[in-house]
There are 2 protein chains.
Amino acid sequence: MADLDVPRRRGRGRPRDPETDSKITRAAAELLLLRGFDKTTVDEVAARAGVGKATVYRRWPSKEDLAVAAMETLYSAEFPEPDTGTIEGDLAANYRSFIAFANTDTGLAYLRMSITESLRDERIAALYRSSTERRENDARASLRRAIERGEVRRDADVDTAVQYLGGIVTARVILGRPLPQLEDVDTLVQFTLRGIRR
Amino acid sequence: MADLDVPRRRGRGRPRDPETDSKITRAAAELLLLRGFDKTTVDEVAARAGVGKATVYRRWPSKEDLAVAAMETLYSAEFPEPDTGTIEGDLAANYRSFIAFANTDTGLAYLRMSITESLRDERIAALYRSSTERRENDARASLRRAIERGEVRRDADVDTAVQYLGGIVTARVILGRPLPQLEDVDTLVQFTLRGIRR
DNA sequence: ACACTAACGATACTGCTAGTTCCGGAACCG
DNA sequence: CGGTTCCGGAACTAGCAGTATCGTTAGTGT
């Protein structure tokens, strides 16, 4: 989203410091996760990044564009697609990486921030949706493989099963309840599977 | 929360218009549900209520106090505690009234607003928590009766079962996905029960 | 070398939004 | 009536997004 206005004639004048972009997005992300969009000011972001405000606005046309760019850098957390051979193993591996993420300071702040701002800004909502869908797609793929193997009933509602596991985390983040821990993963997965096993 | 500063000597001076309080909280609630806290201005609330801004601030010391008072008036939605004799019946009745609520314009807006602002304001979080807990307590009571009757395993994780059903709605509100409908209730309840039946 | 150009940090400035307070007048009590 | 509180509208104010300017700096191209 940055560099929309690439200069016509490259190579003339002082080049942009290649590290400045990431210094700014990192500072923005930290403040956004800490305080949310409305309570984060561009002045603060610039100060924390150690740059002038003009340097920020040379890269992104508005605070909102900056916020989206900053969230994009966080959003890239990778979840491996597991294929352990059993549906318990796959689902547990998938869920375990999510639970581990949600139990870090950054992960929890990311979820809180995304949930709050999703209802305010459509682009942030799209980012959150797509990070959620990526994770869910892996789980769905595992479930479909399990159906082929005969572990899971053919008429199982795959979408619902997947959303159960994610929904419980979402709901607890909002309510400020303690999140599921790694040692709870197997129990929750078993619980969910019981509904759709053959 | 209003009238913290009740005048020492009542009956002196011009009395407050008894309808003004509710006119203001109603206007505030409408705008809060429509736009959320940050995008709602006290000017708008006063204009919509047909009063001056000073009249608002005579009653609540800050915009945040007003918002809490406005949410309190909405929070009183009642859900009947069902006791149909079977666990399917109880859970379905409980969930059905929640799904019906979530599928109204006001209900959906209430959930969206509560979810967003819960992470911003602890008092609104407390309101949302207590409306959620009231509903969950009913479901938990049903499940405990079912355990006594022998319909449900004694070691069933009652809390988790209850949170599954609520969590799926929460997650879908945030992601902007279509909510479960009344005709989906039985399926979802059956799905959940399969995990904990004897 | 040297002129040219764009980026840089700092700072001041502008325009606007929105929370909060002030004011002159009106309503009500005793 | 006199004192008190309420009322709506207007004024005040702080904060902040976004822009402009300045002296400086790090490159490019000849």
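Quantities reported herein were computed from a predicted structural model and do not represent experimental measurements. To find a chain, count down the sequence lines: A is the first, B the second, and so on, and within it residues start at 1.
- Qualifying side chain to side chain contact (heavy atoms under 4.5 Å, CB included) partners for B/L34, counting only residues two or more places apart in sequence or in other chains: none.
- In this structure, CZ of A/R59 is placed 8 Å from C1' of C/dA7, rounded to the nearest angstrom.
- The shortest distance between side-chain heavy atoms of B/T170 and A/L175 does not fall below 4.5 Å.
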Where protein sits on nucleotides 12-23 of chain C, one letter per nucleotide: B base, S sugar-phosphate only, - none, heavy atoms under 4.0 Å: ------SBBBB-
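- Dashed line: the shortest gap from a side-chain N or O of A/T55 to OP1 or OP2 of C/dA7 is not under 4.0 Å.
- Evaluation of atom-type donor-acceptor distances gives a pair under 3.5 Å for the side chain of A/R14 against the base of D/dT25.
- Pairs passing the salt bridge (Lys or Arg N to Asp or Glu O under 4.0 Å) check and including a residue from residues 186-198 of chain B, sequence neighbours excluded, read B/E88-B/R197, B/R96-B/D186.
- Of all the residues in residues 24-33 of chain A, not one reaches under 4.0 Å from DNA chain D with any non-hydrogen atom.
- For B/I99 against B/V185, the heavy-atom pair with the smallest separation is CG1-CG2, 3.9 Å.
- Between B/E117 atom CD and B/M71 atom CE the span is 8.0 Å, to the nearest 0.5 Å.
- Using a cutoff of 4.0 Å between basic side-chain nitrogens and carboxylate oxygens, B/D90 and B/R145 are scored as salt-bridged.
- Atoms CG (A/D17) and C1' (C/dG9) sit 12 Å apart, rounded to a whole Å.
- Judged as a salt bridge (charged side-chain N to carboxylate O under 4.0 Å, His left out), and not counting sequence neighbours, the contacts of A/D43 are A/K53.
- Remark: B/E133 engages no residue in a salt bridge (charged side-chain N to carboxylate O under 4.0 Å, His left out) (not counting sequence neighbours).
- Contact annotation: A/R16 side-chain N/O to C/dA7 OP1/OP2 distance is under 4.0 Å.
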